[in-house]
Amino acid sequence: MIEVKHISKKYNNRVVLDDISLQFPKGKVTSLVGSNGAGKSTLLSIISRLLQQDNGHVLVNGKSLTDYKNRVLARHLSVLKQFNHIGMKLTVRELVSFGRFPYSENRLNAEDHEIIANAIRFLDLENIADAFIDELSGGQKQRAYLAMVVAQDTEYILLDEPLNNLDMKHSVQIMKILRRLADELGKTIIMVLHDINFASHYSDYIIALKDGGIKYHDRTEKIIDENILKDVFDIDFVISESGSKKVCNYFNH
Amino acid sequence: MKIILLTILLLFLSGISLFVGVADLTVGDIVQWDREKISLIFVSRIPRTLSLVLAGIGLSVSGLVMQQVTQNKFVSPTTAGTLEAAKMGLLAAMAFLPSSSMMIKALFAFCFTFAASLLFLRMVERIRFRNVIFIPLVGLIFGGILNAVSSFFAINLNIVQDMNAWMMGDFSGVLQGRYELIYICLPAVFLTYIYANKFTLVGMGKDFASNLGLNYRTVMNIGLFCVSLTVSTIIITAGAIAFLGLVVPNVVSLVYGDNVKKTLPLVALAGATFLIVCDIIGRLLIYPFEVPIGLTVGIIGGAVFLTLLLSRR
């Protein structure tokens, strides 16, 4: 389990996170939502040790982040930020192989190779496994990065806006993959999402941040509520039912 | 496979390189064991060819490491103030310890190069405007400033010519007993190879590397250490050769990608081969005189690089 205790963070005296305490349930998909500047990405970065908090602790399986060796932590927790921003010319297979770096560093063994092959299959990348990632489309690239994280085989997967720059079809594809990671492989997924409808359809829990604090934290169906969303985003929502899920319309309010 | 082919090509060219020069030398002389000719080989030809190979490997591998560490394809010892820092170190050695050995000079050059690389990296990290062209421009300016400071002191100390002679890339002065320092770049290159995977990860950026459990800062510093060691020893023994560290890794990257573990042997071999070819051309073009190697490297390298860049679009 990941626990966040009394986390605060300031940038030049501007408070970005103010005394945040949270617990993330295992094997579930949790979405962090909120307006720009609410502190979502900062919180995600702190939980994944990419950013140092001013106060408070992050506990992973009961142990503080700072007590982990980098390589050991990389076997428990993985994080993907700024999906499209790696200017490196690697093949998909090479990229996915780096997911095994925390385990085998330089020498991949038979087990690593099997895990890499499985990850490539899981993300349906077999026919482009030897293509260079800088020649792929946005959706394929995203899947390649996710395959690396799958090969990294961590209990916790943290994602910062995984749908950034993706069209609708590929967004749905990525969200379905994330759902499968949680349901089939038992991964705990924590992500920052901008689209409230994707959060509504694919996550188990939603955490709503506003002005550096947690405004709401509950099961998805409880959060998708006209009054709550208005409180979080300061705009009006009309919510309708579609099958078992709720759809939010905020386009004209 | 490509590695084997390149190795054979390199050995072949090294063989040719041994028999090119003002003094007449043929394979027959060796077979007949002509004492004079044999000593020519050991005193001049072998040192020259070996230092060409090592400088080619060292400078192109250094370029590759610098490009990974700064995440910028246009950074190399030429465009990051590295050569100028080595020059400054050399100046300091000549000013404070005028009769110092090559070893001491190299040590001075190394310290200055390492410090300047660390400083350059800090500057790169602070630049928020991460334009691809902007960073090497900053490097060029940085190098220009270092150069200006060195020139000022060199003029005051009356050693401008002396210093420029050291810096000029020239293999004709490489002789037995005066070049062995260049072997120091071998362990540095070897260390780079051991760290190859880590340099690939560093090239993917801090967040990406940290996610995979890499000690980002440590690996960066090790990279800069290797680069400084290599560049300073090469400058002391053979002088500076611009653009080698820029052209060779980029050409290899265009075709084979950026997986350092895979490309490092190719970069090393291609660098050595390229430098030997340039040297042979430079020695033959206006025989019995020589065209400075920096010139041939610049022209041929620039042409190859431009052609590849344009044909890929």
Side-chain angles (χ1 to χ4, degrees), chain A residues 41 44-45 47-52 65 68-108 130-135 144-145 148-149 151-154 156-160, chain B residues 64 67-75 128 130-135 190-220 249-264 266-267 308-309 312-313:
Chain A
S41 290
L44 194 88
S45 295
I47 297 172
S48 53
R49 56 98 162 72
L50 299 182
L51 196 68
Q52 197 59 46
L65 269 192
Y68 279 95
K69 277 193 170 166
N70 279 344
R71 262 182 73 185
V72 178
L73 186 62
R75 295 173 203 162
H76 291 288
L77 182 152
S78 55
V79 57
L80 271 182
K81 280 181 75 181
Q82 308 142 349
F83 270 81
N84 296 315
H85 237 71
I86 298 168
M88 296 274 285
K89 203 173 156 95
L90 294 175
T91 66
V92 171
R93 197 185 304 280
E94 285 167 351
L95 179 76
V96 177
S97 303
F98 275 112
R100 298 308 292 167
F101 183 83
Y103 302 86
S104 311
E105 248 183 51
N106 287 319
R107 299 223 160 267
L108 298 177
D130 294 310
F132 282 118
I133 44 173
D134 62 343
E135 290 158 5
Y145 294 139
M148 189 199 81
V149 166
Q152 199 177 340
D153 196 21
T154 55
Y156 307 101
I157 299 175
L158 280 69
L159 306 163
D160 196 354
Chain B
L64 176 69
Q67 281 144 30
Q68 289 301 118
V69 167
T70 55
Q71 293 174 59
N72 190 309
K73 287 269 171 236
F74 295 98
V75 171
R128 288 180 186 262
R130 294 194 70 95
N131 186 300
V132 204
I133 299 299
F134 192 65
I135 307 251
F190 186 66
L191 194 63
T192 311
Y193 186 67
I194 293 176
Y195 271 75
N197 269 339
K198 294 181 182 176
F199 288 129
T200 311
L201 286 179
V202 160
M204 293 197 249
K206 186 162 192 249
D207 288 350
F208 209 96
S210 309
N211 167 48
L212 292 168
L214 191 77
N215 287 321
Y216 189 69
R217 188 70 60 193
T218 316
V219 175
M220 293 255 245
N250 270 295
V251 169
V252 172
S253 159
L254 276 174
V255 185
Y256 298 105
D258 292 322
N259 188 354
V260 180
K261 186 115 203 172
K262 195 173 79 183
T263 58
L264 189 111
L266 287 171
V267 168
L308 254 173
L309 218 56
R312 289 248 145 188
R313 283 283 145 84

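Order of the sequence lines fixes the chain letters, A, B, ..., with proteins taken first and strands second; residue numbering starts at 1 for each chain.
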Part of [X] within contact of chain B (heavy atom distance under 4.5 Å):
{"X": "A/Ser78", "result": "both"}
{"X": "A/Phe132", "result": "side chain"}
{"X": "A/Leu95", "result": "side chain"}
{"X": "A/Arg49", "result": "side chain"}

Checklist entry - For A/Ala144 and A/Val96, which heavy atoms make the closest approach, and how far apart are they? => result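 Answer, listing the atom of A/Ala144 first, then A/Val96: O-CG2, 4.1 Å.
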Checklist entry - Taking A/Arg71, A/Arg75, A/Arg100 one by one, which has the highest count of heavy-atom pairs under 4.5 Å against chain B? => result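 Max contact count across the listed options: A/Arg71.
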Checklist entry - Roughly how far apart are B/Ile133 CD1 and B/Phe74 CZ, rounded to 0.5 Å? => result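 The CD1 atom of B/Ile133 sits 4.5 Å away from the CZ atom of B/Phe74.
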Checklist entry - With a 4.5 Å heavy-atom cut-off, do A/Phe98 and B/Asn259 have their side chains touching? => result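 A/Phe98 vs B/Asn259: side chains touch.
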Checklist entry - Should the heavy atoms of other residues, nucleotides or ligands under 6.0 Å from NZ of B/Lys206 be counted, would the total exceed 12? => result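 No, because the 6.0 Å sphere around NZ of B/Lys206 holds 12 heavy atoms or fewer from other groups.
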Checklist entry - Which bit of B/Lys261 comes within less than 4.5 Å of chain A, counting heavy atoms only: side chain, backbone, both or neither? => result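 For B/Lys261, side-chain heavy atoms alone lie under 4.5 Å from chain A.
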Item to check | Toward chain A, the part of B/Ile194 with a non-hydrogen atom under 4.5 Å | outcome: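 The backbone, not the side chain.
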Checklist entry - Is there a donor-acceptor pair under 3.5 Å between the side chain of B/Asp207 and the backbone N or O of A/Leu50? => result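 Such a contact is absent between B/Asp207 side chain and A/Leu50 backbone.
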Checklist entry - Do you see a donor-acceptor pair shorter than 3.5 Å between the side chains of A/Asp130 and A/Thr91? => result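 The answer is no; no qualifying pair exists.
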